[in-house]
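This structure is a prediction, so every number in the text was calculated from the model and none was measured. Per chain, numbering begins at 1; letters A, B, ... match sequence-line order.
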Amino acid sequence: MLDPKLYRDHPEKVREGLRRRGASFDLDGLLRLDQEKRALGTELDGLKAERNAASESIAQLKRAGKDASEAIEKTRTTGDRIKDLQIRFDVIEERARDLALLCPNLPHASVPDGKSSADNKVAATWGEDLRARAEARVVPDHIEIGMKLKLFDFERGAKISGSGFPIFTGAGARLERALINFFLDTHVKAGFTEVSPPYLVNRASMVGTGQLPKFEEDMYRSDGENRDRDLFLVPTAEVPVTNMHADEILDGASLPVSYCAFTACFRREAGSWGADTRGFLRLHQFDKVEMVRFSAPENSYEQLESLRAQAEKLLQLLELPYRVLELCAGDMGFGAAKCYDLEVWAPAEKKWLEVSSVSNFEDFQARRANIRAKSGGQTRFLHTLNGSGLATPRVLVSFLETHYTERGTVRIPEALRPWMGGLEEIAAA
RNA sequence: GGAAGGGUGGCCGAGUGGUUUAAGGCAUCAGUCUCGAAAACUGAAGUACGGGCAACUGUACCGUGAGUUCAAAUCUCACCUCUUCCGCCA
C-alpha cells in the first residue's frame, strides 16, 4: 500500500511510477474516494463532538441532581444523524481501501526503465568458464538424467495428484533434502534465525504481503465458514514469515532482523498452461528456502545487496554458473520497489532458469501488515525484504545437467557432500 | 469435542454506565546531582486519522464484530484467541 500522503500531495509522482511500471490503476478513482472519505469524516467528527459535549452537560446536570430529560431528548436526534452518516462513511472508506490495495508499489529511482523481461539489465555473471565447458558437449536433459538414475517419478505424481506434482525418489529425494538442509544451515551460519512456519495462512496474511486481493486465482484456497476464515496454501514462505510481525512494533535497535524458512510452495499457475509444463520448470508444489529481512528504512538498499550476495553464495558453492538480472520497472512483481533475479544456466535446456528473486518492498508490505519499528522515540513503518535462497526444483535442473559426467553419473560438489553423507557422485543403482 | 477462567498502552497490571483526561509499576526520554556513570529525585511521554501557516484542535482506539443507551473498557449477544482440566488422537 502506498502512503496516502504521497498520492494526495504528489499525485504526479505516483502517476509517473505507475507509468514506468506499465500498470493500469485507477488513481483518479482513488483520489476521488479519498477526498470524499475525508469530507464525510470531517462532518462526522463534528457531529460526534457535538454529541460528546451534550453528553457531558447531561452528566453535569445529573451530578447536580437536576432534571436532564429535555437535554437527552435533544441529543437523541444527533445520534440518529451520526448513525446515518457513519454508514455512508464506512462504505466509502471500505471502497477506498479496497482500491488502494490494488495499487502496485512504485519502482525505486535506480530501477531501469523497460516494459518486459527483454529489458532487464544483466548486473553480474558468474562461472562463465563452467558454462562454456558444459555447453561444449551434448548433455541429456534433467528429465532423462533423472529417469536413468531413478531420481523422480512424474507419472505416479500425476496419478495421485495431477501434473505439476512430481515425486522424488531415492537419491533424488535425498538430494532434494540435502539442498534444503545445506541452504538452511548456510543461512543460520550467516546469522539468520531459522523458522518453520504454518503452510496454511489466513486471508489477512495474504493481503499483508500483497498476494491478495489481486492474485487470488493463483492461490490454493480452503474455504472457511466465512471469508475471514478462509485458509490459503502458502505460495512462498515470505507470507507466513513476514506476517509473523504483523501488528507489531519492533525495537529499532534490533534491526535488521533476518529469518530463513523452508516450506513447500503451492501455486495454481492459472493461465500459464502450456508454458514450461515439462519437467521441473513450473510446478504446483515445489520446495523453497526463503530469506526474509526486516530493515530500518535508512539502509534497506544495503540490506538488499547483502541478501543478493547471500543467495549468490549458495550458487557459487554449488558450482552452478548464473547471472544476476536487475529487473526493469515493467517486469517487477506487484509489491517490489526493486528486484534482482538470479538465473542459473541449464546446459541441456540451453536457457537461464530463475532460481531466486530478491526484492526490497520498502514500506509497501509493512503498511499492509502494520509492521513498525520504534527508535529514538519515533515509530515508523519499517522496510521488508526477501529473497529465495533457493528454490530447489530449478536448482536441481541445472545441477543435474551441469554436474552430469561422461560416465553417466552426477557429481556432487564438495560443498554439498557433508549433507549427502560424504557421497561424491550419484550413480545408477 | 466438553468444562472453567482470561484478553486493558512498548511490557506488567487496577478499573462502581457519567472528573477515565485509563490508577499504579516496569521500561524509555529529558533534567537535577556527579569528574563521569549507577542509584535517587523531578518532569515528559500512547497510536491512527482529520482540520489549521502555526500555537493548537476534533474524532476514534481497552481481543474482533454487532447491539442497548443521551453516554460503554464497564451492560447484552456472537465470534476469535490464550491458559488449565477432561475426552479423543499422530
Side-chain angles (χ1 to χ4, degrees), chain A residues 1-9 30-101 196-208 222-232 240 243-255 257 294 296 363 366-382:
Chain A
M1 211 153 47
L2 301 183
D3 183 352
K5 288 194 182 75
L6 183 64
Y7 52 75
R8 251 173 233 160
D9 301 341
L30 181 59
L31 289 170
R32 269 198 306 276
L33 283 170
D34 183 61
Q35 176 62 38
E36 191 178 351
K37 184 186 90 175
R38 280 190 293 163
L40 285 172
T42 302
E43 193 182 346
L44 189 58
D45 281 0
L47 278 177
K48 284 180 177 173
E50 205 176 290
R51 182 184 65 184
N52 288 347
S55 282
E56 181 52 34
S57 57
I58 288 166
Q60 278 174 21
L61 284 174
K62 289 214 165 188
R63 248 179 269 126
K66 293 179 186 162
D67 175 45
S69 53
E70 191 186 333
I72 289 174
E73 199 50 46
K74 256 167 72 181
T75 311
R76 211 188 297 271
T77 57
T78 309
D80 292 341
R81 287 169 63 202
I82 289 173
K83 209 168 273 182
D84 283 354
L85 202 56
Q86 184 74 56
I87 289 166
R88 283 171 58 200
F89 177 83
D90 289 346
V91 168
I92 297 299
E93 188 185 39
E94 193 185 345
R95 277 167 59 188
R97 179 174 167 81
D98 286 350
L99 187 53
L101 285 173
S196 179
Y199 285 19
L200 285 163
V201 297
N202 58 28
R203 191 171 278 277
S205 297
M206 294 288 275
V207 171
S222 162
D223 290 337
E225 51 269 36
N226 63 57
R227 255 174 80 82
D228 289 339
R229 304 291 299 159
D230 288 346
L231 290 173
F232 295 82
N243 282 286
M244 279 192 345
H245 290 304
D247 296 315
E248 289 184 20
I249 299 174
L250 307 187
D251 176 8
S254 69
L255 301 177
V257 172
F294 299 84
D363 64 7
R367 278 179 193 284
R368 292 172 161 247
N370 190 28
I371 309 171
R372 293 169 294 171
K374 186 171 187 173
S375 53
Q378 203 189 4
T379 305
R380 290 177 304 167
F381 290 112
L382 47 69

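Across the interface with RNA chain B, nearest-nucleotide mapping of A/Ile58 and A/Gly46 shows A/Gly46 to be the residue nearer the 5′ end. With the nearest nucleotide of RNA chain B identified for both A/Asp34 and A/Ala59, A/Ala59 has the one nearer the 5' end.
Summarising the geometry of A/Phe294 relative to A/Ile371, their closest heavy-atom pair is CE2-CD1, 4.0 Å, with the distance given to 0.1 Å. Across A/Gly252 and A/Ala373, no two heavy atoms sit closer than the pair CA-CB, 4.4 Å. The two residues A/Ala369 and A/Asn243 have their closest heavy-atom pair at CB-OD1, 3.7 Å.
Distance check on atom P: B/G63 versus B/A14 gives 14 Å, rounded to whole Å. Separating the C1' atom of B/G52 from that of B/A38 is a span of 46 Å, rounded to the nearest Å. To the nearest whole angstrom, the two C1' atoms, one in B/A72 and one in B/C77, are 15 Å apart. Look at the P atom in both B/G9 and B/A48: the space between them is 16 Å, to the nearest Å. B/A4 and B/G58: their C1' atoms are spaced 44 Å apart (whole Å). Nucleotides B/C75 and B/G17 have their C1' atoms positioned 8 Å apart, rounded to a whole Å. Look at the P atom in both B/A73 and B/U34: the space between them is 48 Å, to the nearest Å. Annotation: B/U81 and B/A27 have their P atoms spaced 35 Å apart (nearest Å).
Summarising the geometry, the separation between CZ on A/Arg227 and P on B/C80 is reported as 18 Å, rounded to the nearest angstrom. Atoms CG (A/Leu47) and P (B/U59) sit 12 Å apart, rounded to a whole Å. In this entry the distance linking OH of A/Tyr7 with C1' of B/C49 reads 12 Å, nearest Å.
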Bracket string, RNA chain B, 5' to 3' - pairs by Watson-Crick or G-U geometry under 3.5 Å, | interstrand:
((((((((.[[[..)..(.....]]].(((((.......))))).((((((....)))))).[[[[[..)....]]]]])))))))....
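Nearest to the side chain of A/Ser55, among B/G10, B/C70, B/U59, sits B/C70. The side chain of A/Arg76 has B/C70 as its nearest neighbour among B/G58, B/C70, B/G50. Considering only side-chain atoms of A/Arg229, the nucleotide from B/G10, B/C80, B/C70 that sits closest is B/C80. Minimum atom distance to the side chain of A/Thr75 is reached by B/C70, of the listed B/G51, B/U47, B/C70. The side chain of A/Thr42 lies closest to B/G50, out of B/G50, B/G58, B/U47.
Listed pair A/Arg372 / B/U47 fails the phosphate criterion, with no side-chain N or O lying under 4.0 Å from OP1 or OP2. Within the structure, every side-chain polar atom (N or O) of A/Asn52 is placed at least 4.0 Å from both OP1 and OP2 of B/A71. Here A/Arg51 does not reach the OP1 or OP2 of B/C70: none of its side-chain N or O atoms lies under 4.0 Å away.
Heavy atoms from other residues, nucleotides or ligands lying under 6.0 Å from CD of A/Gln60 number more than 12.
Of the candidates A/Asp363, A/Leu101, A/Val207, A/Leu101 is the only one forming a side chain to side chain contact (heavy atoms under 4.5 Å, CB included) with A/Met1.
Residues that satisfy the side-chain hydrogen bond (donor to acceptor under 3.5 Å, both in side chains) test with A/Glu43, not counting sequence neighbours, are absent from this structure.
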Between side-chain atoms of residues 68-82 of chain A and protein atoms elsewhere (two or more places apart, or another chain), which donor-acceptor pairs fall under 3.5 Å?
unit_1, atom_1, unit_2, atom_2, d
A/Ser69, OG, A/Asp67, OD1, 3.1
A/Ser69, OG, A/Asp67, OD2, 2.9
A/Glu73, OE1, A/Arg76, NH2, 3.0
A/Glu73, OE2, A/Arg76, NE, 3.3
A/Thr75, OG1, A/Ala71, O, 2.8
A/Thr77, OG1, A/Lys74, O, 3.0

